[in-house]
Amino acid sequence: MAFGQPSYTITVMVGNPQHMESAIGEATALFRNIRGVRVGQETNFEITKSDAVAQILFDSLMYVRLGAIVIALITLLGASIGLMNIMLVSVTERTREIGIRKAIGATPRVIRRQFLTEAVVICLMGGFAGIFLGILIGNLLAVVMGASFIIPWHWMVLGVAVCVGVGMVSGYYPASKASRLDPVEALRYE
């Protein structure tokens, strides 16, 4: 198209989607005739199907999804570091308790399991709160927009699994530190 020439957009709808290709063929032949395009010449207009527009939107949504995944991973990393710090503070504050438990026979494995369990339980509490709020807010929005009420079971299971994984990863170092404490030194700790 040369500079200064007008540009037109014509929208056509087909009643039956099965007739889409024949309608495109007819429109192409008609526009070639109207625009004076000879046989063998390239068309000087464009026909865009609605599924092409939908594909462009889906491609754009892919970038939004990737952005959301990156943000979620950064958030998980921050949460796991925060949980690890909380658990390290807990080990420091409970050093005397750990010393008493070791003095009466608790093995390093038992101490490690206790702190890992605490870390996983803290993560699960946060995960269940997130699942509850997600379902509540998501379905409130669905009601407002006139959509159906859903409970995303597979995402809930994935969320619980991620919570357990984050709890295990974040709690391992503090649990290991607690299990290696010397009982005599831990009993003297103030």
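Side-chain atoms are counted along with the backbone in the values below, which use heavy atoms only and exclude waters and symmetry mates. Because the structure is predicted, anything quoted here is derived from the model rather than measured.
Of all the heavy atoms in Val37 and Thr43, the pair that sits closest is CG1-CA, 4.4 Å. A pairwise comparison of heavy atoms in Ala103 and Pro183 identifies N-CB, 4.4 Å as the closest pair. Residue Cys163 comes nearest to Gly127 through the heavy atom pair SG-CA, 3.4 Å, listed as atom of the first residue, atom of the second, then distance. The two atoms that bring Leu83 and Ser170 nearest to each other are CD2-CB, 3.7 Å, heavy atoms only.
Residues Cys123 and Val164 have side chains not in contact (no heavy-atom distance under 4.5 Å, counting atoms from C-beta outward). Annotation: side chain of Val166 is not in contact with side chain of Val120 (no heavy-atom distance under 4.5 Å). Residues Phe115 and Val91 meet the side-chain proximity criterion, which asks for heavy atoms closer than 4.5 Å.
Separating the CD1 atom in Ile98 from the OG1 atom in Thr92 is a distance of 8.5 Å, to the nearest 0.5 Å. Here the CG atom belonging to Leu136 is positioned 9.5 Å from the CG atom belonging to Leu141, to the nearest 0.5 angstrom. Atom CG of Leu76 sits about 11.0 Å away from atom CD1 of Ile81, to the nearest 0.5 Å. Rounded to the nearest 0.5 Å, atoms CG (Leu116) and CZ (Arg109) are 11.5 Å apart. Put simply, CD on Glu26 and CD1 on Ile24 are 11.0 Å apart, with the number rounded to the nearest 0.5 Å.
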* To do: Determine, step by step, whether Met84 and Met87 satisfy the side-chain contact (heavy atoms from CB on, under 4.5 Å) criterion, reporting the C-alpha distance in whole Å, the side-chain angles of both residues, the deciding distance to 0.1 Å, and the verdict.
  => CA-CA 5 Å; Met84 185 184 300; Met87 293 306 296; 5.8 Å; no

* To do: With salt bridge (Lys or Arg N to Asp or Glu O under 4.0 Å) as the test, would you mind laying out the steps for Glu185 and Lys102 before giving the verdict?
  => CA-CA 11 Å; Glu185 291 298 320; Lys102 281 189 151 191; over 6 Å; no

* Report the C-alpha separation of Ile131 and Trp155 in whole Å, then their side-chain angles, then the decisive distance to 0.1 Å, and conclude whether the side-chain contact (heavy atoms from CB on, under 4.5 Å) test is met. => CA-CA 9 Å; Ile131 288 170; Trp155 288 111; over 6 Å; no

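A continuous path of hydrophobic side-chain contacts links Trp153 to Phe128 [ILVMFWY only; heavy atoms under 4.5 Å]. Two different hydrophobic clusters hold Val169 and Leu88 under the rule that ILVMFWY side chains link at heavy-atom gaps under 4.5 Å. Ile151 is not connected to Leu140 by any chain of hydrophobic side-chain contacts under 4.5 Å among Ile, Leu, Val, Met, Phe, Trp and Tyr, and they are in different clusters. Linking Ile, Leu, Val, Met, Phe, Trp and Tyr whenever their side-chain heavy atoms come within less than 4.5 Å puts Phe31 and Met20 in one cluster. Under a hydrophobic clustering in which Ile, Leu, Val, Met, Phe, Trp and Tyr are joined whenever their side-chain heavy atoms come within less than 4.5 Å, directly or via other members, Met168 and Val160 fall into the same cluster.
The main-chain N or O of Ser176 is found under 3.5 Å from a side-chain atom of Ser179 such that the two form a donor-acceptor pair. No side-chain donor-acceptor contact under 3.5 Å links Ser90 to the backbone of Ile86. Side-chain atoms of Asn139 come within 3.5 Å of backbone N or O of Ile135 as a donor-acceptor pair.
Using a cut-off of 4.0 Å between Lys/Arg side-chain N and Asp/Glu carboxylate O, Arg32 and Glu42 are scored as not salt-bridged.
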